[in-house]
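Below is one structure, written out as structure tokens; the observations come after it.
What you see below is based on every heavy atom in this structure, not just the backbone, and it leaves out hydrogens, waters and symmetry mates. Sequence lines set the chain letters: A, B, ... in the order given, protein chains first and strands last, and positions in each chain run from 1.
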Number of protein chains: 2
Amino acid sequence: MTQDPRPSKREETRRENERLILSAAEKVFAEAGFGGATMQLIADVAGLPKANLHYYFTTKEELYRRVVQDIFEIWLHAADSFDNAPDPATGIGAYIDAKMNISRHHPHGSKVWASEVMHGAPVIQDYLEGTLRDWTNGRIAAIQGWIDAGQMAPIDPRHLLYMLWATTQHYADFGHQVETLNNGAPLSDADWKLASDNIKTIILRGIGAA
Amino acid sequence: MTQDPRPSKREETRRENERLILSAAEKVFAEAGFGGATMQLIADVAGLPKANLHYYFTTKEELYRRVVQDIFEIWLHAADSFDNAPDPATGIGAYIDAKMNISRHHPHGSKVWASEVMHGAPVIQDYLEGTLRDWTNGRIAAIQGWIDAGQMAPIDPRHLLYMLWATTQHYADFGHQVETLNNGAPLSDADWKLASDNIKTIILRGIGAA
DNA sequence: ACACAAGCTGACCAAGCGGTCAAGAAAATT
DNA sequence: AATTTTCTTGACCGCTTGGTCAGCTTGTGT
């Protein structure tokens, strides 16, 4: 027992409070947008006094930035499924599954990202021009490799990527519309599987990799 | 000259001012969201005093509702290309072209619609449950007809529709991201054609209608 | 030419906003 | 047990917001 267990009470409640605030902020920012969200509402959802929020996150923008960053991180990790795949059907299929899972289990985050980009990315423009651009160019090269190897049809890799993003994120960003057209009911397990399978079928066949 | 030419000065300026305000509002709502938009900014963009906006549109919400309604109208008309098509390649191909044209020439409107739906459609829920649901069911029946006639593969019509909406609207809603990944430059005529062709190729081949 | 209606707008207001702060409570360190 | 550091919070502040309104200008019908 010479090891230090270390989670001091201070650190623990700090972590817990940050988690509470970030979770509440993600929800409120997703539902109201940056401009429509209020620190008071986030505080209420988190169950903390407003002044306490400003202790952990000095400004509204700083809190918002953290929320967007966290989402971006998750979003990038979905690409792991993409890498080291032997062929497009495996790689792209796994990527679609991963992104659909994010849409299902992280819809708030997806909406915040969408909102941010739609409004001209005032807060995360540097990410778009840095990490995202690099990531994109990497995947474009990978797809081009598959095309050159004759494993799929010669479509434009960039627009294929946009198609993958658009189709999968639609189920998060436009989830409310999807649910309404599903007679107001959330998608069932079977619905989600049907959606994923349809997307994979159409795209993989469409790029000649099925 | 017994005919009444009728555009009295009053009506003319009224029409012109409403047009100015709606155009400015569309832009500002798209760039800042409902919560982030201010009547003062809309007034500045329109080149009118703020009090004048409240003369034509009593509340911010009323103005916003008009903007969303106008967009929905345009959006629905794009479906005309869908109808009376002899086969899926023609009908869906024309629909993709029409929606891509809207994304290119009406990006603000598309963003306002996306924002509204993402935030739970607080203002236009009745449209989703009424007009949109009817429209959707109609197209689903049309697609199912093509499937039954053996003109395309048996995919789920509903999710195919979502795919069409998602892929085409992506170029409006995420236009900023697309431009950034295009090295900060707007898409050229050739880029837009490439995008449309890619979408049509992949989807039409993907549903076995190519 | 007149009178009435429609259109316009600067000045104003209550409400709600993001953010601050001083003073106290709780935990860690000595 | 004393002291220092971190955390917590109600009360508060300056500022912006959506919206109002009285008084003015402009257009229309007679």
Side-chain angles (χ1 to χ4, degrees), chain A residues 4-22 24-29 31-68 112 115-116 119 122-123, chain B residues 2-22 24-29 31-68 112 115-116 119 122-123:
Chain A
D4 197 339
R6 190 54 69 100
S8 76
K9 182 137 192 182
R10 279 248 157 93
E11 276 190 34
E12 198 178 328
T13 58
R14 173 169 266 274
R15 251 186 263 281
E16 174 64 9
N17 279 348
E18 279 195 5
R19 201 191 55 77
L20 272 174
I21 295 170
L22 285 171
E26 183 181 292
K27 191 174 179 182
V28 173
F29 281 133
E31 283 170 2
F34 179 80
T38 68
M39 294 297 272
Q40 185 61 64
L41 182 55
I42 295 172
D44 290 348
V45 172
L48 295 170
K50 192 186 71 165
N52 208 351
L53 263 68
H54 280 99
Y55 176 75
Y56 285 100
F57 301 91
T58 313
T59 65
K60 185 186 179 185
E61 192 171 321
E62 185 187 321
L63 173 56
Y64 177 73
R65 198 178 170 87
R66 262 292 294 279
V67 170
V68 178
V112 175
S115 236
E116 166 69 10
H119 298 353
V123 173
Chain B
T2 53
Q3 266 301 61
D4 196 340
R6 190 53 69 100
S8 77
K9 183 138 191 181
R10 279 248 158 92
E11 275 190 36
E12 198 179 328
T13 57
R14 173 168 267 274
R15 252 186 262 281
E16 173 64 9
N17 279 348
E18 279 196 6
R19 201 191 54 78
L20 271 175
I21 294 170
L22 285 171
E26 183 181 293
K27 190 174 179 184
V28 173
F29 281 134
E31 285 171 0
F34 178 80
T38 68
M39 294 298 271
Q40 185 61 65
L41 183 55
I42 295 172
D44 290 348
V45 172
L48 296 169
K50 192 186 70 165
N52 208 352
L53 263 68
H54 280 98
Y55 177 74
Y56 284 99
F57 301 91
T58 313
T59 65
K60 184 185 180 184
E61 191 172 321
E62 186 187 320
L63 173 56
Y64 176 73
R65 198 180 170 87
R66 262 292 296 277
V67 170
V68 177
V112 175
S115 236
E116 166 69 11
H119 298 351
V123 173

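Between the CG atom of A/Leu41 and the P atom of C/dA15 there is a distance of 20 Å, rounded to whole Å. Rounding to whole angstrom units, CZ of residue A/Arg15 and P of D/dC7 are separated by 12 Å.
For B/Lys60, the side-chain atoms get nearest to D/dG19 when compared with the rest of D/dG19, C/dT9, D/dT9. Here the side chain of B/Met39 is nearest to one of C/dG18, D/dT9, D/dG18, namely D/dG18. Of the candidate nucleotides C/dG7, C/dC17, D/dC7, D/dC7 has the atom nearest to the side chain of A/Arg14. For B/His54, the listed nucleotide lying nearest its side chain is D/dT20; candidates were D/dT20, C/dC8, D/dT8. Among D/dC7, D/dG18, C/dT9, the nucleotide with an atom closest to any side-chain atom of B/Tyr55 is C/dT9. Side-chain atoms of B/Ala51 lie closest to D/dC21 of the nucleotides D/dC21, C/dG19, D/dG18.
With DNA chain C read from its 5' end, the first of the two nearest nucleotides for A/Phe34 and B/Leu48 is the one closest to B/Leu48.
Under the 4.5 Å side-chain criterion, counting only non-hydrogen atoms from C-beta, A/Leu22 is in contact with A/Phe57. The side-chain heavy atoms of B/Lys50 and B/Met39, taken from C-beta on, include a pair separated by under 4.5 Å.
Taking side-chain N and O atoms only, B/Asn52 has no distance below 4.0 Å to OP1 or OP2 of C/dG10.
In this pair, B/Tyr64 and B/Phe29 present their aromatic rings perpendicular. The plane angle is above 60°, beyond the 30 to 60° band.
Judged by atom type and distance alone, B/Arg10 does not reach the base of D/dT28 through any side-chain donor-acceptor pair under 3.5 Å. Looking at A/Lys50, its side chain comes within 3.5 Å of the base of C/dG18 through a donor and an acceptor atom.
Nucleic acid contact class of A/Thr13 (heavy atoms, under 4.0 Å, all strands): none. If you check every strand for non-hydrogen atoms under 4.0 Å, A/Tyr56 touches sugar and phosphate atoms only. Among the heavy atoms of the strands, none lies under 4.0 Å from A/Ala43.
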Q) Could you go step by step and tell me if B/Glu12 and B/Arg15 meet the side-chain contact (heavy atoms from CB on, under 4.5 Å) rule? A) CA-CA 5 Å; B/Glu12 198 179 328; B/Arg15 252 186 262 281; 5.9 Å; no

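Remark: A/Glu18 engages A/Arg14 in a salt bridge, criterion side-chain N to carboxylate O under 4.0 Å.
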